[in-house]
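These notes concern the structure reproduced below.
Whatever order the structure lists ligands and atoms in, that order sets their numbers, starting from 1. Numbers here simply count residues along the sequence, with the first being 1.
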Amino acid sequence: MPSASTAALPNATMASALADARAAFVAANPESRARFEAAARVMPGGNTRTVLFYEPFPLCIARGEGARLWDVDGHSYLDFLGEFTAGIFGHSNPHIRAAIDTALDAGINLSGHNTLEAELAAIVCRRFPAIEQVRFTNSGTEANLLALAAAVVHTGRKKILVFQGAYHGGVLSFGAGPAAVNVPHDYVMAPYNDLARTQEIIRQHGDALAAILVEPMMGAGGCLPADPAFLAGLSDAATRHGIVLIFDEVMTSRLSPGGRQSELGIAPDMTTLGKYIGGGSSFGAFGGRADIMRRFDPREPDALSHAGTFNNNVISMAAGIAGMTKVLTPEAIRALNARGEKLRHDLNAMFRRRRAKLQATGLGSIIGLHGTDQPIRTPADLAAADPAIKDLVFFDLAARGYYIARRGFMALSLPLTDTDLAGLVAALDEVIASRGALLVRN
Ligand code: PMP
């Protein structure tokens, strides 16, 4: 995209700077706009996945290769969004491509068990030792739905403890209280990273709680790591009260070879997975203690049904096996997360040097950008951030060929080079310099 939007005067107001940036975006993206308008005739808001929508219209991506994307107007971007963590392999990994080709050669939709599903299950159980047995789903949302159902049946209790600001799927979303489309469990809300208050709530509801559902770092909630002591305290309380502790590691499992749970030495009763584990194809999984998972054994007299036409689809299974064995080795995961740590450090050092009202949060290869220099530890702290700053940064980065989520979320993929990472720091440095007082503490 042309960089006309970056020529705003330092003393322009935020509103006029944003208006200029949007106008430049509209002018540069006629084909994306036309696609959006056509889509909106047959899909509400031209959209089938709410997170991808933004004003004035979202870019329409035509293709990807390695760590690079091209939109339908011909602009090229470095992909720092990485499909919200599912795209860890980049867009054209040859091992995954070959595995999918081989699966296609053997035919799809086989109407039966296949030779791949148990192999991927064994890989998952080896990587995450707290998962003694596992079942697959089509998405992380489904994985959480099934884990919650398992906990309710296992305990004979109804209440589910979740955290304010948490996201566990479109129907398990707790941004500003439960979303209207949420599945109607009996939720009890607690404040993330506040162990004392959460312990009090657990004492209050203790024996009525079936499950505690927690993400070891809030991903969609702003890349806010859980304090290790907070998670350890939840684990103790769950054990004491006979509550099923579910770690949603749909995103965080990629932070180390065994997920965040292995880094912290906490073995949750159940774990949910998704995103990248299917090699970039649709995927979800729930698993954990064998005595809980046993209920899904169809040979048991009291067996629970778990359906899903595509749960064992050969494309996800084959891509997942290749991804986890040939590409995302423990060494590769560690190296990618070390690069993410360095990038976050470099970004924050540059923000401080420029006195920018910006900071990068997160862990390893998952990064959140926020429009404030005040410390952020909990979802409540996000109130200090100015959403307009994120909007402006989004447009200004897109204009320079860097693609991140409109809400500031980034997830690194393997094909991003060190030069690419340094390029992002330099591009943001330039954005801050060009926007002057709008982005800097005076
Ligand atoms: N849990 C977490 C922590 C997630 O980040 C997401 C997706 N962003 C989900 C669950 C839902 O996964 P899916 O989009 O595959 O349904």
Side-chain angles (χ1 to χ4, degrees), residues 47-53 81-88 124 128 131 134-149 151 160-175 178-179 181-183 185 187 192-193 211-226 231 234 245-255 259-261 268 270-288 308 310-311 313 315-316 319-320 323 361-368 379 404-413:
N47 175 281
T48 190
R49 190 177 163 200
T50 304
V51 71
L52 298 183
F53 178 78
L81 177 44
E83 194 57 284
F84 296 86
T85 70
I88 198 168
V124 167
F128 307 95
I131 302 183
V134 68
R135 273 186 166 240
F136 298 135
T137 63
N138 295 282
S139 68
T141 304
E142 273 183 85
N144 283 320
L145 291 173
L146 268 298
L148 290 178
I160 309 289
L161 188 89
V162 289
F163 293 93
Q164 284 142 9
Y167 181 83
H168 302 286
V171 294
L172 290 164
S173 179
F174 304 92
V181 297
N182 272 1
V183 58
H185 276 296
Y187 300 108
Y192 196 71
N193 269 343
I212 298 172
L213 177 59
V214 64
E215 211 187 347
M217 170 181 78
M218 274 192 181
C223 300
L224 312 179
L231 293 176
L234 292 185
L245 179 65
I246 306 170
F247 270 15
D248 177 346
E249 293 232 47
V250 166
M251 280 191 179
T252 58
S253 59
R254 55 175 269 171
L255 294 177
R260 188 141 200 246
Q261 57 189 264
M270 298 278 289
T271 300
T272 55
L273 302 171
K275 303 283 191 194
Y276 69 98
I277 290 182
S281 294
S282 58
F283 184 81
F286 64 101
F310 297 110
N311 287 352
N313 81 81
I315 294 174
S316 297
T361 60
L363 288 171
S365 58
I366 305 178
I367 297 174
I404 69 170
R406 179 63 172 266
R407 64 173 193 231
F409 185 89
M410 292 187 258
L412 303 188
S413 64

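Atom OG1 of Thr272 sits about 8.0 Å away from atom NE2 of His168, to the nearest 0.5 Å. To the nearest 0.5 Å, the span separating CG on Asn144 from CG on Asp248 amounts to 4.0 Å.
The part of Lys275 lying near ligand 1 is the side chain, judged by heavy-atom distances below 4.0 Å. Residue contacts with ligand 1 for Thr252 are absent, since no atom lies close enough (heavy atoms, distance under 4.0 Å). Under 4.0 Å from ligand 1, not a single heavy atom of Phe84 appears.
Among protein heavy atoms, the minimum distance from atom 5 (O) of ligand 1 is reached at Met251 CE, 3.4 Å. For atom 15 (O) of ligand 1, the closest non-hydrogen atom of the protein is Gly140 N, 2.8 Å. The shortest contact between atom 2 (C) of ligand 1 and any protein heavy atom is with Asp248 OD2, 3.4 Å.
Aromatic pair Phe283/Phe136: ring centres closer than 6.0 Å.
Smallest separation of non-hydrogen atoms from Leu148 and Ala211: CD2-CB, 4.2 Å. The two residues Ser281 and Ile315 make their nearest non-hydrogen contact at OG-CG2, 3.6 Å. Minimum interatomic distance between Phe247 and Leu245 (heavy atoms only, all atoms of both residues): CE1-CD2, 3.8 Å.
On a distance-only criterion, Ala220 and ligand 1 share no N/O pair closer than 3.5 Å. Residue Glu215 has no N or O atom closer than 3.5 Å to an N or O atom of ligand 1. In terms of polar-atom proximity, Thr141 is counted as a contact of ligand 1, with an N or O under 3.5 Å from an N or O of the ligand.
Phe409 and Phe84 have parallel rings, their planes meeting at less than 30° on a 0 to 90° scale where 60° marks the start of perpendicular.
Atom numbering of ligand 1 starts at 1 in the shown order; those under 4.0 Å from a heavy atom of Asn144 are 1 (N), 10 (C).
The main-chain N or O of Gln261 is found under 3.5 Å from a side-chain atom of Glu249 such that the two form a donor-acceptor pair.
Nearest to atom 4 (C) of ligand 1 by heavy atom, out of Val250, Leu273, Thr85, is Val250.
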